[in-house]
Amino acid sequence: MNTISLAQPVFRGREREYVLECLESTRISSTGRFVDIFERDLSAFCNTTDAITCSNGTAALHLALKSLGVGPGDEVIVPALTYVATANAVVCCGGRPVFADVEADTGTICPQEIKKAITSRTRGVIAVHLYGHPADMDPITHIAREHNLFVLEDAAEAIGAQYKGKPVGSLGIAGTFSFYGNKIITCGEGGAVVTSNTELAATIRLFRGQGVDPNRTYWHPVIGFNYRMSNLLAAVALAQLEEIEWHQKRRKELFLLYDKLLNRVQDHVDLPKSRANCLPAQWLYTVRLRSGSAAERNRLADLLSADGIETRPVFYPVCALPPYAENQQVFPQSEAWASRGLCLPTHSALTEDEVEYIVSRLTLHLTCAMPEGTALTRVGSRDGIAT
Ligand SMILES: *Cc1c(COP(=O)(O)O)cnc(C)c1O
């Protein structure tokens, strides 16, 4: 039986042509026209003045925080529910992530919880647009202004989403993206920071390229990193960006179909909800069991796996992971998402028939009480591209 994968890239544009051009021109490192064009087009897409490409989404967060001056002794407020990279990037700068709970409906950081987490050491907030849904930027920006904090957007999962008609990435001082293989557009591994703050953009470029002075060869005024994106990968990223409207449209159709077909089991699962002022991006279609424990959710995932359907649990709360667990903090909404959430296959090559099959199996398992004896040991294999 063929497994329906959770996520997979779709190359339907000029990816091959552009990669071939890199090989034939020998421009495979980080100088080359695709890096420049991709940066130009990405900043235009996000309605910002600058885009700085880099090696991955984690590097993008690290570059942005470092360039914003985060260092030892500084605290940065991050949602308790996010991919681990959001918190790790703060630690990479020598700072300390301080966790705040998320909203029940959207899973994005809760403005009131940010307020509670502010101390005299707080420097900023990272607003994560989780599973494609924009965080509530207006109240977050308002609180940040009152306390003189920066707001950085982690938009890794949400390229193309809008908050009150404005694209994510343009709402804070800067925004970061990931182009990992399971993201909405991808080049395998890649990332970018977008911003309309020219000074910040220059600092980010400096740190990205080993701290070399742009006007003086081999002169390094600061200790930087090698976080450059190669022209080969920018070639793929550009071809993907050229097709982003097609990917968005296709994902939107699949989300609508999931919504329609799952309507009947709303007694059992919560479907993705969106705030009225937002146009979310369609990353991974994520349902949440109405009740029950992580064990029940995992059994459901096992049953679907036996049906040839790859799913993925929602992230653990970051504060539950060993490096961050010292304070034994518990955030109820993040916990609920983490233990009851399940991501269903979502990618531009998924067919209507596959969605119907997935929903029919899910409906069956939800409505026939899941038999105890079927607690198959979860196949640990996580190859493929699902982080
Ligand atoms: C994917 C992701 C990242 C990290 O991106 P990489 O390219 O894998 O380093 C950061 N934050 C969030 C929310 C993500 O989903």
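Whatever order the structure lists them in is the order used to number ligands and atoms, beginning at 1. Excluded from the calculations below are hydrogen atoms, water molecules and symmetry mates; all remaining heavy atoms, backbone and side chain alike, are included.
- Using a 4.0 Å cut-off to heavy atoms of Ala156, the atoms of ligand 1 that qualify are 2 (C), 3 (C), 10 (C), 11 (N), 12 (C), 14 (C), 15 (O).
- Of the candidates Asp154, Thr176, Leu130, Thr82, Asp154 brings a heavy atom nearest to atom 11 (N) of ligand 1.
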(message) One pair to check against side-chain contact (heavy atoms from CB on, under 4.5 Å): Leu81 and Val318. What are the steps and the verdict?
(response) CA-CA 6 Å; Leu81 185 73; Val318 181; over 6 Å; no

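- Inclusion of Phe315 in the set of residues having an N or O under 3.5 Å from an N or O of ligand 1 is not warranted.
- Taking Glu199 as the reference, nothing meets the salt bridge (Lys or Arg N to Asp or Glu O under 4.0 Å) condition, with sequence neighbours excluded.
- Geometrically, ligand 1 and Trp283 share no nitrogen or oxygen pair separated by less than 3.5 Å.
- Each of the atoms 4 (C), 5 (O), 6 (P), 9 (O) of ligand 1 lies under 4.0 Å from some heavy atom of Thr58.
- The parts of Asn56 lying near ligand 1 are both backbone and side chain, judged by heavy-atom distances below 4.0 Å.
- Outside the 6.0 Å centre-distance limit, the rings of Tyr316 and Tyr324 are not counted as a close aromatic pair.
- In Glu189, neither the side chain nor the backbone holds a heavy atom less than 4.0 Å from any atom of ligand 1.
- Taking the charged nitrogens against the carboxylate oxygens, Asp270 and Arg290 do have a contact shorter than 4.0 Å, which makes a salt bridge.
- Salt-bridge annotation for Arg14 and Glu17: present, with a side-chain N of the basic residue lying under 4.0 Å from a carboxylate O of the acidic one.
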Scan the side chains in residues 236-243 for donor-acceptor partners under 3.5 Å anywhere in the protein, sequence neighbours excluded, and list what turns up.
from   : atom 1 : to     : atom 2 : distance (Å)
Gln240 : OE1    : Thr186 : N      : 2.9
Gln240 : NE2    : Val10  : O      : 2.9
Gln240 : NE2    : Glu15  : OE2    : 2.9
Glu242 : OE1    : Tyr18  : OH     : 3.2
Glu242 : OE2    : Tyr18  : OH     : 2.8
Glu243 : OE1    : Arg12  : NH1    : 2.5

